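This is a predicted model, so every value here is computed, not measured. The first residue in the sequence is number 1, and the count goes up from there.
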Amino acid sequence: VYESWGFQIFVIFIVLFHALNGFRIAVLDIWPQLQVYQREALWLQWLVFIPVYGLTIFILIQNGIIGI
């Protein structure tokens with residue numbers, strides 16, 4: 001189960017999203033004046049998450065097809 005592509009894609013999603021969400025919350029906690037930009041911070045989180053996740057999944061699938 002742990003070596004299947006589906007499980008690895010799911011785990012990468014959870015870990016990456018959790019890390020970026022935690023970073024967003026930490027930044028907003030450190031600088032309380034940024035709380036008014038909560039929505040923009042969430043959009044920025046997604047704008048960072050999607051390409052990083054996409055590239056990670058691309059590399060995972062590419063390595064899986066090649067057989068590394």
[atom1]/[X] to [atom2]/[Y] distance, rounded to the nearest 0.5 angstrom?
X	Y	atom1	atom2	value
F13	F49	CZ	CZ	4.5 Å
I66	Q62	CD1	CD	4.5 Å
L16	Y53	CG	OH	8.5 Å
I9	L60	CD1	CG	5.5 Å

* What residue among I61, N63, T56 forms side-chain contact (heavy atoms from CB on, under 4.5 Å) with I59? -> N63
* Which residues share a ring-ring contact (aromatic ring centres under 6.0 Å, His included) with F58, sequence neighbours left out -> none
* Please work out which of the three classes, parallel, tilted or perpendicular, describes the rings of W46 and F17, given edges at 30° and 60°. => tilted
Any chain of hydrophobic side-chain contacts (each under 4.5 Å) joining [X] to [Y]?
X	Y	result
L47	F23	no
I50	L20	yes
Y2	I14	no
I12	V48	yes

* Asked: Got a sec: does the CZ of F10 have more than 12 other heavy atoms crowding it under 6.0 Å?
  -> no
Expected list for residues 24-34: side-chain donor-acceptor pairs under 3.5 angstrom, two or more places apart:
{"residue": "R24", "atom": "NE", "partner": "N21", "partner atom": "OD1", "Å": "3.4"}
{"residue": "R24", "atom": "NE", "partner": "Q45", "partner atom": "OE1", "Å": "2.7"}
{"residue": "R24", "atom": "NH1", "partner": "Q38", "partner atom": "OE1", "Å": "2.6"}
{"residue": "R24", "atom": "NH2", "partner": "N21", "partner atom": "OD1", "Å": "2.6"}

* Taking only residues at least two apart or on different chains, which pairs with a member in residues 3-16 satisfy side chain to side chain donor-acceptor pair (under 3.5 Å)? -> none
